[in-house]
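Naming: A, B, ... by sequence-line order, numbering from 1 per chain.
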There are 2 protein chains.
Amino acid sequence: MPSSHQGNVNTESVDNYLKAILALIGPEERRVSSTSLANRLGVAPASVTNMLQKLAASPLPFVEYERHRGVHLSAAGKRRALEVLRHHRLIETFLYEVLDYPLEEVHEEAERLEHFISERFEERIAAKLGHPKFDPHGHCIPAMDGKMPKQNSKPLTDLDEQGSFIVDSVSDRNALLLKQLRAHGIIPGAQLQVANSSPDDFVLRTGSDSKALRLSRDLAGAVRVRPAH
Amino acid sequence: MPSSHQGNVNTESVDNYLKAILALIGPEERRVSSTSLANRLGVAPASVTNMLQKLAASPLPFVEYERHRGVHLSAAGKRRALEVLRHHRLIETFLYEVLDYPLEEVHEEAERLEHFISERFEERIAAKLGHPKFDPHGHCIPAMDGKMPKQNSKPLTDLDEQGSFIVDSVSDRNALLLKQLRAHGIIPGAQLQVANSSPDDFVLRTGSDSKALRLSRDLAGAVRVRPAH
DNA sequence: CTAATAATTTAGGCATGACTAAATATCGTC
DNA sequence: GACGATATTTAGTCATGCCTAAATTATTAG
């Protein structure tokens with residue numbers, strides 16, 4: 001029987017649903033549709049409905065769900081999702097800093113291990129790393145109480161103006177893109193001079209290199225930046 | 001669908017069966033009974049039969065099994081069992097050396113994580129630790145090719161003679177006993193002067209302490225020693 | 001060598017979490 | 001406001017890995 005804290009079942013699968021919902025609600029906390037969850041999780045829409053019904057039916061449920069109206073996290077669900085996200089990002093940081101993983105490989109390993117580490121493991125790697133605030137992709141690591149500072153970065157594909165920016169974060173969802181970005185020196189903290197931005201090509205220059213780069217939309221879409229103050 | 005290398009299914013559960021069989025066959029490689037497996041794994045005997053039949057029926061099976069005659073590992077099964085054991089012991093060493101876990105807590109965490117780490121993780125922690133040969137309980141860590149040097153230690157409860165011994169290893173199966181042993185300075189490498197050995201009490205003196213200790217059979221049974229050369 | 005006991009296997013179920021196919025709701029457009 | 005497209009849910013299956021109860025096979029004592 002899988003572990004539970006309060007009537008809730010707490011499996012790897014449930015964790016993944018909660019994480020996916022957290023990722024999809026966005027800062028405005030919209031309700032999330034079954035289809036978008038199914039896409040994100042790589043399962044059939046019917047499987048999503050099934051799981052959501054199960055989650056919503058437990059006492060102290062992790063989600064609020066009404067049929068045909070999408071789903072949204074309860075306080076307990078958000079707490080759990082943030083805990084798993086904290087695990088994920090701490091593990092990524094640990095793999096990168098302590099075990100010298102290449103950036104593009106930390107995500108997959110963290111994705112597996114995040115479900116199985118103990119509170120002690122979490123605490124120990126956090127201590128070893130000096131309680132980091134950001135993972136190696138530049139994503140913020142939720143504090144133990146679930147607090148996350150709000151984000152003031154924008155996708156590189158959404159800029160209104162040209163100018164000087166700092167790479168805030170890079171997406172961890174595609175190892176290949178990540179490797180290419182890294183090869184161009186585009187990692188969190190890097191400085192970018194963003195020039196022309198046509199809908200399909202993003203032209204810029206990095207701090208380290210004097211010749212201009214041209215990024216595909218895919219590549220640029222994996223980068224978030226903030227103004228170089 | 002769970003990962004597989006060669007027709008074999010490769011789940012946490014399967015790993016645990018293989019590890020348990022490996023532990024129970026002993027150095028003489030006896031066949032293992034369903035009941036002993038059931039006891040070790042904490043499942044019903046019928047569940048064991050079920051699993052063994054499934055394992056034996058796959059192409060390139062992990063086990064050889066004939067009904068009513070016990071089970072034994074195939075070459076592939078032994079390879080897999082040793083790989084998981086290597087994971088387990090490397091993780092224990094890592095938790096102890098790098099994350100400063102107390103000795104008696106490494107086992108439980110390793111037991112969970114051993115099933116989910118990648119080859120890369122295994123390789124990286126091994127490198128970080130300088131390719132250790134022994135885990136913090138004093139157990140030998142199988143090499144990548146599965147080789148294990150043979151053991152020349154004996155249970156403290158099985159000694160023929162009194163005299164001077166070195167603690168070879170301590171059992172990891174009971175955290176409480178382990179903590180008590182540690183409190184008495186009985187950890188791998190410690191020197192022991194073994195005196196009287198009645199069937200129920202084991203009297204000895206450690207290198208570090210001048211007054212004699214009296215260990216219960218339970219406690220003594222968790223210790224293996226070798227002659228102080 | 002047989003009978004009782006112990007070990008093992010068979011049979012039938014259950015929960016989890018996926019799937020497909022079919023039914024039903026909702027939405028956007030005319 | 002109705003209709004077709006799309007999204008969602010229902011219904012029915014399946015594999016995994018566990019369970020209990022009942023049947024069967026082995027072992028041991030007399």
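Look at Ser13(A) and you'll find a side-chain N or O under 4.0 angstrom from OP1 or OP2 of dA18(C). Distances shown here put every side-chain N or O of Ser33(B) at or beyond 4.0 Å from the OP1 or OP2 atom of dA7(C).
Glu29(A) meets the salt bridge (Lys or Arg N to Asp or Glu O under 4.0 Å) test with Lys78(A); sequence neighbours excluded.
In this structure, CE of Met51(B) is placed 11 Å from P of dC19(D), rounded to the nearest angstrom. At whole-Å resolution of the value, CG in Leu37(A) and C1' in dT9(D) are 15 Å apart. In this entry the distance linking OH of Tyr17(A) with C1' of dT16(C) reads 11 Å, nearest Å. Spacing between atom CG of Asn16(B) and atom P of dG17(D) amounts to 11 Å, rounded to whole angstrom units. Whole-Å rounding puts the Glu12(A) CD to dG17(C) P distance at 10 Å.
When base pairs are accepted only as Watson-Crick or G-U wobble with both N-N or N-O distances under 3.5 Å, DNA chain D takes part in stems of 3 or more pairs at C:1-30 with D:1-30.
For the pair Arg80(B) and Phe62(B), the NZ or CZ position fails the cation-pi test of under 6.0 Å to the six-membered ring centre and within 45 degrees of the ring normal.
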For nucleotides 1-4 of chain D, which of its nitrogen or oxygen atoms have a protein nitrogen or oxygen under 3.5 Å away, and what is each distance?
none

Heteroatom pairs (N/O) under 3.5 angstrom, protein to nucleotides 3-6 of chain C:
none

Polar atom pairs (N or O), protein with nucleotides 9-14 of chain C, under 3.5 Å:
unit_1	atom_1	unit_2	atom_2	d
dT9(C)	OP1	Tyr65(B)	OH	2.4
dT9(C)	OP1	His68(B)	N	2.8
dT9(C)	OP2	Ser34(B)	OG	2.9
dT9(C)	OP2	Thr49(B)	OG1	2.8
dT9(C)	OP2	Tyr65(B)	OH	3.3
dT10(C)	OP2	Gln53(B)	NE2	2.4

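Between Pro142(A) and Leu82(A) the shortest heavy-atom distance is CG-O, 3.8 Å. Listed here is the closest heavy atom pair of Glu109(A) and Ile117(B): OE2-CA, 3.6 Å.
Within the 4.5 Å cutoff, the side chain of Leu219(B) has heavy atoms near those of the Ser216(B) side chain. A 4.5 Å side-chain heavy-atom check between Val63(A) and Tyr17(A) finds every atom pair outside the cut-off.
The aromatic rings of Phe94(A) and Phe94(B) sit perpendicular, their planes meeting at an angle over 60°, well past the 30° parallel limit.
No donor-acceptor contact under 3.5 angstrom links the side chains of His87(B) and His115(B), judged on distance only.
Atom OH of residue Tyr65(B) and atom CD1 of residue Ile21(B) lie 11.0 Å apart, to the nearest 0.5 angstrom.
Residues Glu114(A) and Lys19(A) are paired through a salt bridge, judged by an N-O separation under 4.0 Å between the basic side chain and the carboxylate.
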**Report entry** Derivation and outcome, side chain to side chain donor-acceptor pair (under 3.5 Å), residues Ser153(A) and Arg224(A)
**Finding:** CA-CA 6 Å; Ser153(A) 66; Arg224(A) 293 183 72 100; 2.9 Å; yes
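Listed by first and then second residue, the side-chain hydrogen bond (donor to acceptor under 3.5 Å, both in side chains) pairs that reach into residues 131-141 of chain A are Glu92(A)-His137(A), sequence neighbours excluded.
With hydrogens and angles ignored, the 3.5 Å screen pairs a side-chain donor or acceptor of Arg124(B) with a backbone N or O of Leu99(A).
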